[in-house]
Amino acid sequence: SRVINNRPDVKPDTKEKVERIIKECGYCPSAIAQAFSKKRSMAIGLVFSDSEADAVSNPFYTELMRGVLDEARKQEYRVVLSYLMDNDCLMLVRQKTVDGLLVMTPSSEQRDKLQELQDLEVPLVSTSCVMGMESLHYVVGDEYGTCCKIVEHLISMGHRRIAFIGGPEGLYSNRSRLQAYR
């Protein structure tokens with residue numbers, strides 16, 4: 001245990017022997033035992049707000065998943081996939097399977113489910129602002145500023161009839177883009 005946890009109170013020759021035996025035997029510490037002793041699961045839940053088909057076909061989700069997986073690996077965390085539309089993400093929290101949740105683009109129609117998760121007092125971050133949920137932590141890009149730049153660029157090129165094709169009305173990002181477009 002002291003060798004695995006890199007404790008300083010192990011003689012160098014003892015550490016070397018133990019590390020050699022660990023490698024020879026292919027020993028891997030139990031994630032469950034480590035979680036129990038540290039009172040952390042070392043896992044985060046990546047929660048999709050859409051259907052399974054949307055989650056795997058949406059390029060935004062693919063790029064975001066890649067970033068989450070890369071960072072989780074660096075921090076020695078595992079990523080558990082779940083969906084907001086069923087009770088799976090609630091069970092992950094209740095069973096202490098995850099230490100926190102990252103919810104992908106929830107909309108205002110999903111406030112009740114998000115509120116249930118917040119009531120469980122699990123660290124929770126969203127990739128969109130949800131109208132009516134001021135206490136929800138979120139990380140988003142500058143939807144308004146980016147859309148303004150796009151429209152300004154099109155106008156500078158001489159375009160005057162510019163269409164706006166938006167997403168679902170319940171998404172804050174769609175409203176922000178529409179406001180910028182107008």
Side-chain angles (χ1 to χ4, degrees), residues 28-148 164-182:
C28 184
S30 165
I32 294 169
Q34 286 181 330
F36 184 73
S37 70
K38 293 179 181 178
K39 295 185 178 29
R40 292 188 320 178
S41 68
M42 297 305 291
I44 58 169
L46 184 57
V47 182
F48 295 96
S49 58
D50 296 328
S51 69
E52 292 176 22
D54 291 339
V56 295
S57 64
N58 185 329
F60 172 75
Y61 286 155
T62 304
E63 285 301 309
L64 198 52
M65 272 192 295
R66 182 176 292 126
V68 169
L69 290 168
D70 286 348
E71 190 58 32
R73 188 176 305 114
K74 288 177 192 172
Q75 302 298 326
E76 298 181 2
Y77 266 78
R78 295 181 325 274
V79 176
V80 178
L81 302 180
S82 183
Y83 294 92
L84 194 58
M85 63 188 177
D86 57 27
N87 287 326
D88 186 48
C89 59
L90 291 167
M91 291 307 295
L92 289 175
V93 173
R94 287 186 181 121
Q95 294 173 346
K96 302 198 183 318
T97 306
V98 295
D99 295 330
L101 298 172
L102 174 60
V103 183
M104 310 275 268
T105 60
S107 68
S108 56
E109 288 84 28
Q110 296 164 317
R111 276 192 300 260
D112 291 343
K113 187 74 77 168
L114 290 167
Q115 188 59 56
E116 277 186 80
L117 289 168
Q118 279 190 317
D119 291 346
L120 293 172
E121 298 182 3
V122 63
L124 176 66
V125 177
S126 168
T127 62
S128 65
C129 175
V130 177
M131 292 173 283
M133 292 200 72
E134 288 73 25
S135 64
L136 180 65
H137 297 284
Y138 60 92
V139 177
V140 295
D142 180 9
E143 304 283 351
Y144 183 87
T146 301
C147 190
C148 281
F164 176 81
I165 302 172
E169 286 184 33
L171 288 180
Y172 175 83
S173 59
N174 185 60
R175 288 191 182 184
S176 184
R177 291 176 196 156
L178 180 57
Q179 186 179 18
Y181 166 80
R182 287 182 176 152

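Computed from a predicted structure; not experimentally measured.
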- Query: Quick one: does Asn87's side chain get under 4.5 Å of Lys113's, heavy atoms only?
  - Reply: yes
- Message: Contact between Arg177 and Phe164 at the side-chain level, heavy atoms closer than 4.5 Å - yes or no?
- Response: yes
- Query: Asn174 and Gly166: which non-hydrogen atoms are nearest, and at how many Å?
  - Reply: OD1-CA, 3.0 Å
- How far apart are the closest heavy atoms of Thr105 and Gln110, and which atoms are they? O-OE1, 4.5 Å
- Separation between CG (Leu120) and CD (Gln115), nearest 0.5 Å, reads 10.0 Å
- Euclidean distance, Tyr138 OH relative to Cys129 SG, rounded to 0.5 Å: 4.0 Å
- Message: A side-chain contact here means heavy atoms from C-beta on lying under 4.5 Å apart; do Leu124 and Gln118 qualify?
- Response: yes
- Quick one: does Tyr61's side chain get under 4.5 Å of Ser49's, heavy atoms only? yes
- Message: Between Ser82 and Val47 (side chain of the first, backbone of the second, donor and acceptor by atom type, cut-off under 3.5 Å), is there such a pair?
- Response: no
- Heavy-atom pair with the smallest gap, counting every atom of Ser128 and Pro106: OG-O, 2.9 Å
- Kindly give the heavy-atom pair with the smallest separation between Glu143 and Ser176, and that separation in Å. CB-OG, 3.8 Å
- How far apart are the closest heavy atoms of Lys96 and Ser41, and which atoms are they? O-CB, 3.8 Å
- Task: Can you spot which of Leu92, Leu136, Leu90 makes a side-chain contact (heavy atoms from CB on, under 4.5 Å) with Leu117?
- Result: Leu90
- Item | Ile44 side chain reached by Leu102 side chain, heavy atoms, under 4.5 Å | no
- Note on the structure: One should read off an interatomic distance between Lys74 NZ and Asp70 CG, to the nearest 0.5 angstrom, of 6.5 Å
- Close side-chain approach of Tyr83 and Asp88, heavy atoms under 4.5 Å: no
- Taking every non-hydrogen atom, the tightest pair across Gly100 and Val122: CA-CG2, 3.7 Å
